[in-house]
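These notes concern the structure reproduced below.
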2 protein chains.
Amino acid sequence: MPPVIPDKRSRLVDAAVRLVHRQGFHRTTLADVAGESRVPLGNLYYYFRTKDALGKALIDRYVGRYEELRAQWDAMPDPRARLDAFIQMTADNREMLARSGCTIGSLTSELRKDDGDLATSATRLFDHLLQWLEAQFRLLGRSKPDARGLAIHLLSALEGASLLAHNFGSAKYAAQEAALLRRWVRDL
Amino acid sequence: MPPVIPDKRSRLVDAAVRLVHRQGFHRTTLADVAGESRVPLGNLYYYFRTKDALGKALIDRYVGRYEELRAQWDAMPDPRARLDAFIQMTADNREMLARSGCTIGSLTSELRKDDGDLATSATRLFDHLLQWLEAQFRLLGRSKPDARGLAIHLLSALEGASLLAHNFGSAKYAAQEAALLRRWVRDL
DNA sequence: GTCTATATGTGGATAGAC
DNA sequence: GTCTATCCACATATAGAC
């Protein structure tokens, strides 16, 4: 049986994920994506009629990733352990965060300054995440507005720490803030 | 006496500040900047030989702004009041943050993905800020590593909240997180 | 479905008159 | 110092053969 080679569409999105994270969406050309995935440029247009279409597929890919992670976290019995796992992810990815920042954070920050549909379609990523976080704090007995505030605080702190790690090119910022937030959740 | 018209160089940087904040650096063309500041495109190159040179002037402008703010804050006798004023700035600017995000945060996040000098020159903005914050926490009696961690936490949370406000196009995220952080500083 | 060649538009940058 | 006209590189997108 030959090794499984992902279909071209997936390969294109895979390449786009890597390149966009490293270079940003606007600075990543379709020729870059075609080259990285070893698909001729003209052929790329068979799968994605415009660059925006590729952008949407990129966002869909992130949504899919998030749903997988969420399923893993939801398998844990304790909401506190779930939050801990969520925070730990930032510590685990600290080197990548130092190199290129948070995939979602930097993408939304970039795309929100555009005017087309892409500007709004990145929004839903954080929306899902915040709702899930809010649900965990509610399970810890917090009132609805209180839980919302804590969810925003936690996500803000992690996104900001990723931004700083990226700004300074140093994983320490992500690691240190993650450690602080883990203690914060433990003592809540 | 005729009204004071800022010299062309300043006008160009002023226009760049507005446009880059709204559209991002890469999507802001030199023609945009020339148009906004009513300077013919060819003439712009007399003041800035390359787009990167304009980018550096942009960063210098932000450094200047920050030094003015810092002088105001340092005039306050109490470090707790200084931190409070720092946080309050995010609440005051919440509508602007919802529209275009944090000027420094989104600029550094964008430029850090480039390879030239610009990528590193945006870094110093947060560096100055963190050092000042750390000094305030030290004045509150914290140990050096402790103060550093608190400074990172505070800046992270505010930058993350700005990112969320921008992502959702809603000032609430900035306002709510600022309120939470003011209570946090008060009770430290 | 695949791929080469190319059209089209745009943006940074320069030439050179004034 | 100022401004018009233009060059050139490059990125998105298309045409059309296979």
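Letters go in sequence order (proteins before strands), and every chain restarts at 1.
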Think B:Tyr47 has a side-chain N or O under 4.0 angstrom from the OP1 or OP2 of D:dT2?
yes
Nearest-nucleotide comparison on DNA chain C, the residue closer to the 5′ end among A:Lys8 and B:Thr50
A:Lys8
From the set C:dT2, D:dA11, D:dA13, return the single nucleotide nearest to any side-chain atom of A:Leu30.
D:dA13
Rounded to whole Å, please give me the gap between CG in B:Leu41 and P in C:dG11.
11 Å
Distance below 4.0 Å between B:Tyr46 side-chain N/O and D:dT2 OP1 or OP2:
no
Approximate separation, where rounding is to 0.5 Å, of B:Phe126 CZ and B:Tyr66 OH
11.5 Å
Which whole-number value in Å describes the distance from A:Leu44 CG to C:dA5 P?
18 Å
Value in whole Å for how far the P atom of C:dG11 lies from NZ of B:Lys51
9 Å
For the pair made of CG in A:Leu12 and P in D:dT12, what is the distance, rounded to whole Å?
14 Å
Any donor-acceptor pair under 3.5 Å from B:Gln136 side chain to B:Arg82 backbone
no
Would you mind reading off the distance between A:Tyr45 atom OH and D:dA17 atom C1', rounded to a whole angstrom?
19 Å
Expressed in angstrom and rounded to an integer, what is the separation of B:Arg38 atom CZ from D:dT2 atom C1'?
18 Å
Please answer whether the main-chain N or O of B:Ser100 pairs with a side-chain N or O of B:Arg22 as donor and acceptor at a distance below 3.5 Å.
no
Taking atom P of D:dT12 as reference, at what distance in whole Å does atom NE2 of A:His26 sit?
10 Å
Atom CG of A:Asn43 and atom P of D:dC18: how far apart are they, to the nearest Å?
17 Å
Assess whether atom CZ of A:Arg49 is packed by more than 12 heavy atoms of other residues, nucleotides or ligands within 6.0 Å.
no
